[in-house]
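Working notes, beginning with the structure itself.
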Amino acid sequence: RECGLYEEPITAALPALTEFIGRAPAWLPPALSPESHFRNKAKLAVGGSAQAPTLGILDRGMRGVDLRECGLYEEPITAALPALTEFIGRARLTPFDVPSGRGELKNILITAAPSGELLLRFVLRSTESVVRIRKHLPWLRSQLPNARVISVNLLPQRAALVEGEEEIVLTGEDTLPFPLGAVTLYLTPRSFFQTNTTIARAMYAQAREWAAGLDGVRTVWDLYCGVGGFALHVAGPGRRVTGVEISEAAVDSARRAAAK
């Protein structure tokens, strides 16, 4: 620091930088989750044939690679895959073939709540197979009684997308309650939510702890609030919390959770 190489503004800055290093915030221990079976959402590309489908990803040639044995997903998701595989054959849902552009079923999306209840979505190219899905839906529900919400999503474009804009809900319920202790959130088919429930709980708890330590703060804005997870966890007596979000479905879910 006493080196004579540097111009005066650099030398003059060094005492403040030295003090700043001492004032740097301490790193808290990292939040940890299980190393496997931690993901509460599966995005499974469908390949193969209706009689022998693959559920997983597509390889470089755009052919299906089966990942039903993957250790990423929570147990209710893994347990649902055999019934979903059989359902594809029963309803004659032809997997979409990317190279030829033929077929209907592109993806199956599954979300699991802490209660074990599921939200299932079939991403289709068109409505051609919706009638067959409805016909065989009672069988699927008998095999998966924990499937609270089942829907069809339409993705007509040949694009690197997981889902489209249009959703057709096939069940009486259109929201999946997602209990997180004192707060229950409500997920609709197109809702965004953290895919690791353990980490989501840790983040919400940390935000609540920080908010509790802010003496005198009476107004909080949760920008891009989604279904309201952070907003509802930092809410408290004498504090006005406002969530800001453009997704109408997410706003509806957040309002429902707030009312509860």
Side-chain angles (χ1 to χ4, degrees), residues 32-125 129 132-133 136-137 139-141 143-155 157-164 167 170 176 178 187 189-200:
L32 303 177
S33 80
E35 293 187 1
S36 63
H37 304 292
F38 58 82
R39 190 175 173 90
N40 61 35
K41 185 171 184 178
K43 301 178 180 179
L44 302 170
V46 184
S49 65
Q51 280 64 47
T54 61
L55 303 180
I57 61 174
L58 302 179
D59 63 17
R60 291 182 179 180
M62 297 292 107
R63 304 298 181 186
V65 177
D66 195 81
L67 294 178
R68 280 175 287 182
E69 301 300 320
C70 178
L72 272 180
Y73 306 115
E74 292 184 3
E75 190 276 335
I77 294 176
T78 304
L81 298 183
L84 288 168
T85 302
E86 184 173 345
F87 181 76
I88 291 171
R90 282 175 173 263
R92 305 194 311 279
L93 303 178
T94 306
F96 182 74
D97 180 72
V98 175
S100 68
R102 299 189 182 93
E104 285 295 319
L105 180 58
K106 295 184 174 183
N107 302 304
I108 293 180
L109 311 180
I110 315 170
T111 300
S115 62
E117 291 188 309
L118 300 176
L119 189 160
L120 304 177
R121 304 169 67 202
F122 296 92
V123 181
L124 304 175
R125 183 180 67 160
S129 52
R132 296 195 301 279
I133 290 177
H136 294 279
L137 198 61
W139 179 87
L140 182 61
R141 302 201 74 178
Q143 299 299 304
L144 300 176
N146 58 331
R148 185 184 182 98
V149 183
I150 303 175
S151 69
V152 163
N153 177 273
L154 298 181
L155 178 60
Q157 306 97 315
R158 290 185 67 181
L161 299 172
V162 176
E163 61 187 71
E167 200 85 24
L170 305 177
L176 177 69
F178 209 95
L187 308 187
R190 301 190 66 209
S191 292
F192 168 80
F193 186 72
Q194 303 292 338
T195 57
N196 187 317
T197 304
T198 300
I199 296 300

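Between the side chain of Arg63 and the main chain of Gly47, no donor-acceptor pair closer than 3.5 Å is present. Asn107 places a side-chain N or O within 3.5 Å of a backbone atom of Val162 that can act as its donor or acceptor partner. With hydrogens and angles disregarded, a donor-acceptor distance shorter than 3.5 Å links the side chain of His37 to the backbone of Tyr73. Looking only at distances, a side-chain donor or acceptor of Arg121 sits under 3.5 Å from a matching main-chain atom of Pro189. Not a single donor-acceptor pair under 3.5 Å links the side chain of Asn40 to the backbone N or O of Thr198. For the pair Arg102 (side chain) and Asp97 (backbone), a donor-acceptor distance under 3.5 Å is absent. In terms of modelled atom types and a separation under 3.5 Å, the side chain of Arg132 and the main chain of Arg92 share a donor-acceptor contact. Between the Arg158 side chain and the Val98 main chain, a donor and an acceptor come within less than 3.5 Å of each other.
Residue Glu69 places its CD atom among 12 or fewer non-hydrogen atoms of other residues, nucleotides or ligands, all under 6.0 Å distant.
Distance CD1/Ile77 to CZ/Arg68: 15.5 Å, rounded to 0.5 Å. Residue Leu120 holds its CG atom at 9.5 Å from CG of Leu109, rounded to the nearest 0.5 Å. Separation of atoms CZ (Phe122) and CG (Leu155) is listed at 15.5 Å; rounding is to 0.5 Å.
Contact annotation: the side chain of Leu124 approaches that of Leu105 to within less than 4.5 Å [non-hydrogen atoms, C-beta and beyond]. Side chains of Glu167 and Asn153 form a contact here, defined as non-hydrogen atoms less than 4.5 Å apart. Under the 4.5 Å side-chain criterion, counting only non-hydrogen atoms from C-beta, Ile88 is in contact with Ile108. Between Thr195 and Thr111, every side-chain heavy-atom pair lies at or beyond the 4.5 Å cut-off. Counting heavy atoms from C-beta outward, Phe38 and Ile199 have side chains that stay 4.5 Å or more apart. Leu119 places none of its side-chain heavy atoms less than 4.5 Å from the side chain of Ile110. Residues Leu144 and Ile150 have side chains not in contact (no heavy-atom distance under 4.5 Å, counting atoms from C-beta outward). In this structure the side chain of Glu117 reaches within 4.5 angstrom of the side chain of Leu176, judged on heavy atoms.
His136 and Phe87 have perpendicular rings, their planes meeting at more than 60° on a 0 to 90° scale where under 30° would count as parallel.
Screening residues 34-49 for salt bridge (Lys or Arg N to Asp or Glu O under 4.0 Å) gives no qualifying pairs among residues at least two apart or on separate chains.
The nearest pair of heavy atoms linking Pro53 to Asp66 is O-OD1, 4.0 Å. In this structure, Pro95 and Ser49 approach most closely via the heavy-atom pair CD-C, 3.6 Å.
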